[in-house]
Amino acid sequence: MERIFFREKEEKTLPEGTERYLIGVTGLGQGVGTTFVATALAFYFRDQGRKVSFTECLDPASCNTLLYDQVAMDKRFSHRNFDDTYRHLMEEGPIQRNQNKEAGILWRIPTPENCKAQLTLNQRHKARLIAAAREEVCIFDVEADYSWDDYLMDMDVVFVVSDPLPSRLIRSRERYRQLKKMELAGCKVIWIVNKMNPGVDKKQVKNYLKADHILWLEAFAMEQIYENEYLCRFPWEKAEIQRKIIEIFTKVSRKDGSLSWFFVSKDVEI
């Protein structure tokens, strides 16, 4: 019997004993700052010495803006190949070979070509996209759509971002109810109220969210956001933005650098 032996490709794994964390970030609607918070989390844990990946979970066919464009990935990868994770999914190809490492983070995000091709993910594609992230800290920027909610249930923690403008909170009522059900079912949820400013009535926002764990992230001057994009920077690369975000993220990370997601007090004030 002439047998042929093939050595299976060894899967790169984290050192024994290393814990893996799945962190979902979603919003109560579109344009509330979900990607802003998700990228900041990725950089925060990168600076903690973690191996981090960032995955955008959305349908390219229906998105209006791309992180790819915001941070000029085309320029960042002008002399190297940007591995198209979403195209591999649609072609039923392997996606583990992704080498899109930039700024110390591995990026699995859709491209302008994916949008042009009107790509829409089915449930199998979505499951494969989530499963592809195997780094120490896996950040998922999840579209505010019910079709992704089942995957949020399996995250170690879910950050829910909201805009405190009353009209936006009112229009997001159904989304809020769905995410609240997840929290009551046992999903670890941390609520982030973004775009805070002196005109916001915090008491009314608290009454609306009915949440124990709330982080308040103040609004940044629009010129800072615009300047970052014109300079092809991530928000984290702006010193003032980084400093203020670190203040709230340290509320959910122990001083020794490990992740506990445990709050000493019920409501976290900044």
Answer yes when Lys238 and Glu227 have at least one side-chain N-carboxylate O distance shorter than 4.0 Å, and no when they do not. yes
Might you work through the salt bridge (charged side-chain N to carboxylate O under 4.0 Å, His left out) test for Glu92 and Arg124, ending with a clear yes or no? CA-CA 10 Å; Glu92 302 296 337; Arg124 182 172 182 276; 2.3 Å; yes
Quick one: does Ile190's side chain get under 4.5 Å of Val157's, heavy atoms only? yes
Pairwise distance CG(Leu89) to CG(Leu121) - rounded to 0.5 angstrom: 6.0 Å
Would the distance check show the side chain of Arg168 and the main-chain N or O of Gln30 forming a donor-acceptor pair, the cut-off being under 3.5 Å? yes
List the steps, then state whether side-chain hydrogen bond (donor to acceptor under 3.5 Å, both in side chains) holds for Thr26 with Arg175. CA-CA 11 Å; Thr26 192; Arg175 177 72 180 156; 2.9 Å; yes
For the backbone of Phe54 and the side chain of Arg108, can you confirm whether one donor and one acceptor N or O come within less than 3.5 Å of each other? no
Where does the angle between the aromatic ring planes of Phe82 and Tyr68 fall among parallel (under 30°), tilted (30 to 60°) and perpendicular (over 60°)? perpendicular
Residue pair Cys57 / Tyr86: nearest heavy atoms and the distance that separates them: CA-OH, 3.7 Å
Test salt bridge (charged side-chain N to carboxylate O under 4.0 Å, His left out) on Lys180 and Glu183 and set out the steps. CA-CA 5 Å; Lys180 198 65 179 179; Glu183 182 180 30; 2.9 Å; yes
Under 4.5 Å between any side-chain heavy atoms of Leu179 and Met182, yes or no? yes
Hydrogens and angles aside, do Gln123 and Tyr151 bring a side-chain donor and acceptor to less than 3.5 Å of each other? yes
Please name the pair of heavy atoms, one in Asp69 and one in Pro112, separated by the smallest distance, quoted to 0.1 Å. OD1-CG, 3.5 Å
Please check if Trp216 and Leu165 belong to a single hydrophobic cluster, counting links between Ile, Leu, Val, Met, Phe, Trp and Tyr side chain heavy atoms closer than 4.5 Å. no
Pair Lys51 + Glu135, salt bridge at N-O below 4.0 Å: no
Between Trp236 and Tyr44, is a side chain to side chain contact (heavy atoms under 4.5 Å, CB included) present by the stated rule, with each step listed? CA-CA 8 Å; Trp236 188 261; Tyr44 175 78; 3.9 Å; yes
For Arg80 and Lys101, which heavy atoms make the closest approach, and how far apart are they? NH1-O, 2.9 Å
Going by heavy atoms in the side chains, are Val71 and Arg233 under 4.5 Å from each other? no
Ring-face cation contact, Tyr176 with Arg173, 6.0 Å cut, 45° max: no
Distance check, rounded to the nearest 0.5 Å: Lys181 atom NZ versus Cys187 atom SG? 14.5 Å
Could you go through Glu218 and Val200, starting from their C-alpha distance and side-chain angles, then the distance that decides it, and tell me whether this counts as side chain to side chain contact (heavy atoms under 4.5 Å, CB included)? CA-CA 10 Å; Glu218 71 177 75; Val200 176; over 6 Å; no
So, for Ile95 and Ala132, which heavy atoms are closest and what is the spacing to 0.1 Å? CD1-CB, 3.3 Å
Quick one: pull up CZ in Phe234 and CD in Gln242 and give me the separation to the nearest 0.5 Å. 13.0 Å
If you define the side chain from C-beta out and look only at heavy atoms, does anything of Trp148 sit under 4.5 Å from Leu129? yes
Rounded distance (nearest 0.5 Å) linking atom CE of Met155 with atom CG of Leu152: 6.0 Å
Do the non-hydrogen side-chain atoms of Ile105 and Glu102 ever get within less than 4.5 Å of each other? no
Student check: side-chain heavy atoms of Thr39 and Leu67 closer than 4.5 Å: yes
Find the distance between CZ (Phe159) and CG (Leu41) and round it off to the nearest 0.5 Å. 5.0 Å
Would you check, one step at a time, whether the test side-chain hydrogen bond (donor to acceptor under 3.5 Å, both in side chains) holds for Asp59 with Thr120? CA-CA 5 Å; Asp59 278 325; Thr120 301; 4.9 Å; no
Derivation and outcome, salt bridge (charged side-chain N to carboxylate O under 4.0 Å, His left out), residues Lys244 and Glu247: CA-CA 5 Å; Lys244 291 181 179 179; Glu247 289 178 6; over 6 Å; no
Short question: side chain of Arg50, backbone of Glu136 - any donor-acceptor pair under 3.5 Å? no
Check: His88 side chain, Thr85 main-chain N or O, donor-acceptor pair, under 3.5 Å: no
When rounded to the nearest 0.5 angstrom, what distance separates CD1 in Ile245 from CZ in Phe43? 11.0 Å
Val32/Ser162 under side chain to side chain contact (heavy atoms under 4.5 Å, CB included): CA gap, chis, key distance, verdict: CA-CA 6 Å; Val32 298; Ser162 66; 5.8 Å; no
Test your reading of the model: is there a side-chain donor-acceptor pair from Arg87 to the backbone of Asn114, 3.5 Å cut-off? no
In the structure I gave you, are the side-chain heavy atoms of Val161 and Phe36 within less than 4.5 Å of one another anywhere? no
Arg171, CZ: over 12 other non-hydrogen atoms inside 6.0 angstrom: no
Answer yes or no: are there more than 12 heavy-atom neighbours, outside Gln224 itself, under 6.0 Å from its atom CD? yes
So do the side chains of Met73 and Ile109 get within less than 4.5 Å of each other, counting heavy atoms only? yes
Could you pull out the closest heavy-atom pair between Glu56 and Pro110, with the gap in Å? OE1-CD, 3.3 Å
Donor-acceptor pair, distance only, cut-off 3.5 Å: does the side chain of Arg46 make one with the backbone of Ser53? no
With distance as the sole test, does Asp201 use its side chain to make a donor-acceptor pair with the main-chain N or O of Gly199 at under 3.5 Å? no
So, Asn100 side chain and Trp107 main chain: donor-acceptor pair closer than 3.5 Å or not? yes
What's the shortest heavy-atom distance between Leu28 and Ser172, and which atoms? O-CB, 3.0 Å
Between the side chains of Asn194 and Asp163, does any donor sit under 3.5 Å from an acceptor? no
Hey, mind stepping through Asn81 and Asp83 against side chain to side chain contact (heavy atoms under 4.5 Å, CB included) and telling me if it holds? CA-CA 6 Å; Asn81 180 59; Asp83 198 48; 4.2 Å; yes
